[in-house]
Peer 1: 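For reference, the structure I am asking about is given below.
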Amino acid sequence: MSESEKSIRLVTALVECRPDGEYAPWGIKWYDGTVYPFDRIESYSSRSWVLGPKRQSESWRVVVGDGTCRDICHYQNSWYVVHDPDNDTPADRAPNGPCK
């Protein structure tokens with residue numbers, strides 16, 4: 001049995017700046033220029049360690065077009081998309097509760 005690994009990619013995030021000054025990503029622009037909007041934001045964390053134990057970031061748990069979850073992280077001045085195949089089921093479809 002093989003163990004899957006997280007995929008972490010630097011991306012261009014498409015971000016909405018809200019009237020209250022807060023911002024939230026609504027999609028990503030991939031390397032080939034293709035835009036992938038999110039179906040919905042599932043959760044938000046102002047203190048996430050999804051990028052690793054020494055990289056505290058702000059992150060949004062989003063559901064993408066294929067119905068799986070990704071973490072969109074803002075770390076320093078960059079945006080990253082993280083896919084963990086072992087943890088990509090949305091909360092409303094997870095047999096054992098919400099995403100980790």
Side-chain angles (χ1 to χ4, degrees):
M1 179 180 219
S2 66
E3 186 176 317
S4 61
E5 295 182 14
K6 286 183 184 179
S7 165
I8 301 174
R9 302 279 189 260
L10 180 65
V11 295
T12 300
L14 304 171
V15 180
E16 169 191 13
C17 184
R18 297 181 175 160
D20 61 3
E22 292 295 316
Y23 57 92
W26 62 265
I28 59 172
K29 188 173 188 180
W30 208 242
Y31 302 105
D32 65 1
T34 306
V35 172
Y36 294 96
F38 307 136
D39 285 347
R40 68 181 183 278
I41 294 176
E42 189 161 89
S43 64
Y44 166 77
S45 175
S46 61
R47 297 178 58 175
S48 168
W49 285 268
V50 74
L51 292 174
K54 296 183 180 184
R55 293 186 177 162
Q56 179 182 323
S57 66
E58 188 173 21
S59 80
W60 290 260
R61 182 87 170 160
V62 301
V63 178
V64 294
D66 67 359
T68 59
C69 287
R70 301 292 188 277
D71 292 287
I72 305 302
C73 305
H74 185 230
Y75 177 71
Q76 295 179 341
N77 290 324
S78 298
W79 289 86
Y80 299 87
V81 61
V82 180
H83 179 214
D84 182 352
D86 292 333
N87 181 28
D88 69 357
T89 304
D92 61 353
R93 292 193 342 227
N96 297 322
C99 301
K100 298 178 199 170

Peer 1: I need the Arg70 CZ to Ser7 OG distance, nearest 0.5 Å.
Peer 2: 8.0 Å
Peer 1: Could you see if Trp79 belongs to whatever hydrophobic cluster contains Tyr44? Use Ile, Leu, Val, Met, Phe, Trp, Tyr and a side-chain cutoff under 4.5 Å.
Peer 2: yes
Peer 1: Just wondering, do Glu58 and Tyr23 contact through their side chains at under 4.5 Å, heavy atoms?
Peer 2: yes
Peer 1: Using the salt bridge (charged side-chain N to carboxylate O under 4.0 Å, His left out) definition, which of the options Arg9, Arg61, Lys6 pairs with Asp71?
Peer 2: Arg61
Peer 1: Minimum heavy-atom separation for Tyr31 and Leu10, please, with both atom names.
Peer 2: OH-O, 2.7 Å
Peer 1: Mind listing the closest non-hydrogen atom pair of Trp49 and Pro53 along with its distance?
Peer 2: CD1-O, 3.5 Å
Peer 1: Hey, what do you get for CD1 (Ile8) to OH (Tyr80), rounding to the nearest 0.5 Å?
Peer 2: 9.0 Å
Peer 1: Quick check: closest heavy atoms across Phe38 and Gly27, and the distance to 0.1 Å?
Peer 2: CE1-N, 3.2 Å
Peer 1: Hydrophobic cluster membership, with links at side-chain heavy-atom distances under 4.5 Å among I/L/V/M/F/W/Y: are Val35 and Ile28 in one?
Peer 2: no
Peer 1: Restricting to non-hydrogen atoms, name the atom on Tyr75 and the atom on Lys54 that form the minimum distance, rounded to 0.1 Å.
Peer 2: OH-O, 4.2 Å
Peer 1: Do you know which two heavy atoms are closest between Asp39 and Gly65, and how far apart they sit?
Peer 2: OD2-CA, 3.8 Å
Peer 1: Does any non-hydrogen side-chain atom of Pro90 lie less than 4.5 Å from one of Arg40?
Peer 2: yes
Peer 1: Are Val11 and Trp30 packed together at the side-chain level, in the sense that at least one heavy-atom pair is separated by less than 4.5 angstrom?
Peer 2: yes
Peer 1: Side chains of Tyr36 and Asp66: closer than 4.5 Å at any heavy-atom pair?
Peer 2: no
Peer 1: For Ser46 and Gln56, work out which heavy atoms get closest and say how close.
Peer 2: O-NE2, 4.4 Å
Peer 1: I need the Trp60 CH2 to Ser43 OG distance, nearest 0.5 Å.
Peer 2: 11.0 Å
Peer 1: Should we count CG of Asp32 as having more than 12 external heavy atoms under 6.0 Å?
Peer 2: yes
Peer 1: Are Val82 and Val63 linked, directly or through other ILVMFWY residues, by side chains that come within less than 4.5 angstrom of each other?
Peer 2: no
